[in-house]
Amino acid sequence: MSPLSEAYGDHPLDLHHIIPLDFESARTVPDSHVWPTSQSLESDDQLSIPTVDLMDPEAVKLVGHACETLGVFQVINHGIPLDIIGEVESEARRLFSLPTGHKLKALRSPGGATGYGLARISPFFSKKMWHEGFTVMGSPVDHARELWPNDYQRFCDVMEDYQKKMKELAINLMHLILKSLDLSEEEISKVVSPGDASTALQLNSYPFCPDPSRVMGLAPHTDTSLLTILHQSTLNGLEIFKDGVGWVLVSPTNGSLVVNVGDLLHILSNAQFPSVLHRVVLKEKEQRVSLAFFYSPPTDFHVSPLALNPAQVPLYRSVSVSEYIHIKGKNLEKALSLIRI
Ligand SMILES: O=C(O)CCC(=O)C(=O)O
Ligand SMILES: [Fe+2]
């Protein structure tokens, strides 16, 4: 089985789609980063995002309902100690506060998947995002050594431990979600194989911005994963798109993690669960940091609609994870329609 990092290798990007702005010296927003404004909902008429207590005996039902209606929910009692999340956030902040020239030592290579750089979706948009990221898959030691030649161990230990814990949580969540689709334990264990899942940890920074209302943190997208588990620091910014409603804010709540359905789970559920469209806008001048953990099956796993009753027809053809990553890398939001039957 090829690692996830290889699945991204067949789409080398131009450097201007990898190198973020020198945010440190940006006193104004350059034209390349000015986006047309788009309305989000005021807090009064906000749609509420459900919170599921994972210790609740009804968790399967609650998680299934949230996946079906919105494709996103928050979890509490998730088993990840808050001080560990805090440590990862503080290591991420330590990285992003390095001088721009220094961060470029860990720049993602054109055909690479890990390291410092712009969001992978950036070639699809004519304007640049107010964002810098650092992608980790397993051990970040190669890049960390470039950043801190004498002091990289702490960063590596914290990132590796977090990925291990997030993977356990993702597996627990997948069990709950697939149970809600009435899959048997045997069918579930085919999809959720603890040994060789494809996972990635994305550290996101939306740097201090002199004019937050004119920029876009992360442009509208769906995640490619089965599911994504997100920690957002105390600042608002994440919004989901709900048909007939518009952009809805997902406010950070202390101690809870945001879980969202990705494209692969949408396919697996035969479109019963929406792959939620989301974006990040800047609400304040201050820097916002988030940690996104993406969980997918191994790259050679074939994803196809499961849990069909005799009256249902599959809406998507079977697709391997690596093929889907390839289609998404070329077509972004049209990717799902290209495998629709
Ligand atoms: O920063 C956030 O709140 C969301 C990040 C996100 O959507 C992503 O990394 O795919
Ligand atoms: Fe996302």
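In each ligand, atom 1 is the first atom listed, and ligand 1 is the first ligand listed.
Annotation: cation-pi geometry satisfied between Arg94 and Trp148 (NZ/CZ under 6.0 angstrom from ring centroid, within 45° of ring axis).
Around atom 10 (O) of ligand 1, the closest heavy atom drawn from Gln202, Glu239, His131, His221 belongs to His221.
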Quiz: residues 333-340 side-chain donor-acceptor pairs under 3.5 angstrom, not counting sequence neighbours:
{"from": "Ser337", "atom 1": "OG", "to": "Lys334", "atom 2": "O", "distance (Å)": "2.7"}
{"from": "Arg340", "atom 1": "NH1", "to": "Tyr316", "atom 2": "OH", "distance (Å)": "3.3"}

Could you list the donor-acceptor pairs under 3.5 angstrom formed by side chains in residues 267-278, with sequence neighbours left out?
{"from": "Ser269", "atom 1": "OG", "to": "Leu265", "atom 2": "O", "distance (Å)": "3.2"}
{"from": "Ser269", "atom 1": "OG", "to": "His266", "atom 2": "O", "distance (Å)": "3.0"}
{"from": "Ser269", "atom 1": "OG", "to": "Gln272", "atom 2": "N", "distance (Å)": "3.3"}
{"from": "Ser269", "atom 1": "OG", "to": "Phe273", "atom 2": "N", "distance (Å)": "3.0"}
{"from": "Asn270", "atom 1": "OD1", "to": "Leu315", "atom 2": "N", "distance (Å)": "2.7"}
{"from": "Asn270", "atom 1": "ND2", "to": "Val313", "atom 2": "O", "distance (Å)": "3.1"}
{"from": "Ser275", "atom 1": "OG", "to": "Asp263", "atom 2": "N", "distance (Å)": "3.1"}
{"from": "Ser275", "atom 1": "OG", "to": "Asp263", "atom 2": "OD1", "distance (Å)": "2.7"}
{"from": "His278", "atom 1": "ND1", "to": "His221", "atom 2": "O", "distance (Å)": "3.2"}
{"from": "His278", "atom 1": "ND1", "to": "Val276", "atom 2": "O", "distance (Å)": "2.9"}
{"from": "His278", "atom 1": "NE2", "to": "His221", "atom 2": "NE2", "distance (Å)": "3.0"}
{"from": "His278", "atom 1": "NE2", "to": "Asp223", "atom 2": "OD1", "distance (Å)": "3.2"}

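Given atom 6 (C) of ligand 1, the protein heavy atom at minimum distance is Leu218 CD2, 3.5 Å. At the top of the distance list for atom 3 (O) of ligand 1, counting protein heavy atoms only, stands Arg288 NH2, 2.9 Å. Nearest protein heavy-atom contact of atom 5 (C) of ligand 1 is Asn204 ND2, 3.5 Å.
Counting heavy atoms from C-beta on, the side chains of Met174 and Leu226 come closer than 4.5 Å. Residues Val136 and Thr114 form no side-chain contact, since every pair of their non-hydrogen atoms from C-beta on lies 4.5 Å or further apart. Between Leu203 and Met159 the shortest side-chain heavy-atom distance falls below 4.5 Å. In this structure, the side chains of Leu257 and Gln232 stay at 4.5 Å or more apart for every pair of heavy atoms.
Considering backbone and side-chain atoms together, Tyr206 places an N or O closer than 3.5 Å to an N or O of ligand 1.
Contact check on Glu58 versus Lys61 returns a salt bridge, with a Lys/Arg side-chain nitrogen under 4.0 Å from an Asp/Glu carboxylate oxygen.
Near Asp223, meaning under 4.0 Å from any of its heavy atoms, are these atoms of ligand 1: 10 (O). Atoms of ligand 1 found under 4.0 Å from any heavy atom of His278 (numbered from 1 in listed order, with element): 7 (O). Atoms of ligand 1 lying under 4.0 Å from at least one heavy atom of Ala292, given by number and element, are 9 (O). Within the listing of ligand 1, atoms 1 (O), 2 (C), 3 (O), 4 (C) sit less than 4.0 angstrom from a heavy atom of Val280.
For Lys242, there are no salt bridge (Lys or Arg N to Asp or Glu O under 4.0 Å) partners two or more places apart in sequence or in a different chain.
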Starting from the C-alpha separation in whole Å, work towards a yes-or-no answer on side-chain hydrogen bond (donor to acceptor under 3.5 Å, both in side chains) for Tyr206 and Gln287. CA-CA 6 Å; Tyr206 309 89; Gln287 181 192 32; over 6 Å; no
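Take a cut-off of 2.8 Å around the Fe ion (ligand 2): the protein N, O or S atoms inside it are His221 NE2, Asp223 OD1, His278 NE2.
Residue Phe294 touches ligand 1 through its side chain alone, judged by heavy-atom distances below 4.0 Å.
Here the two rings, on Trp247 and Phe241, have centers that are under 6.0 Å apart.
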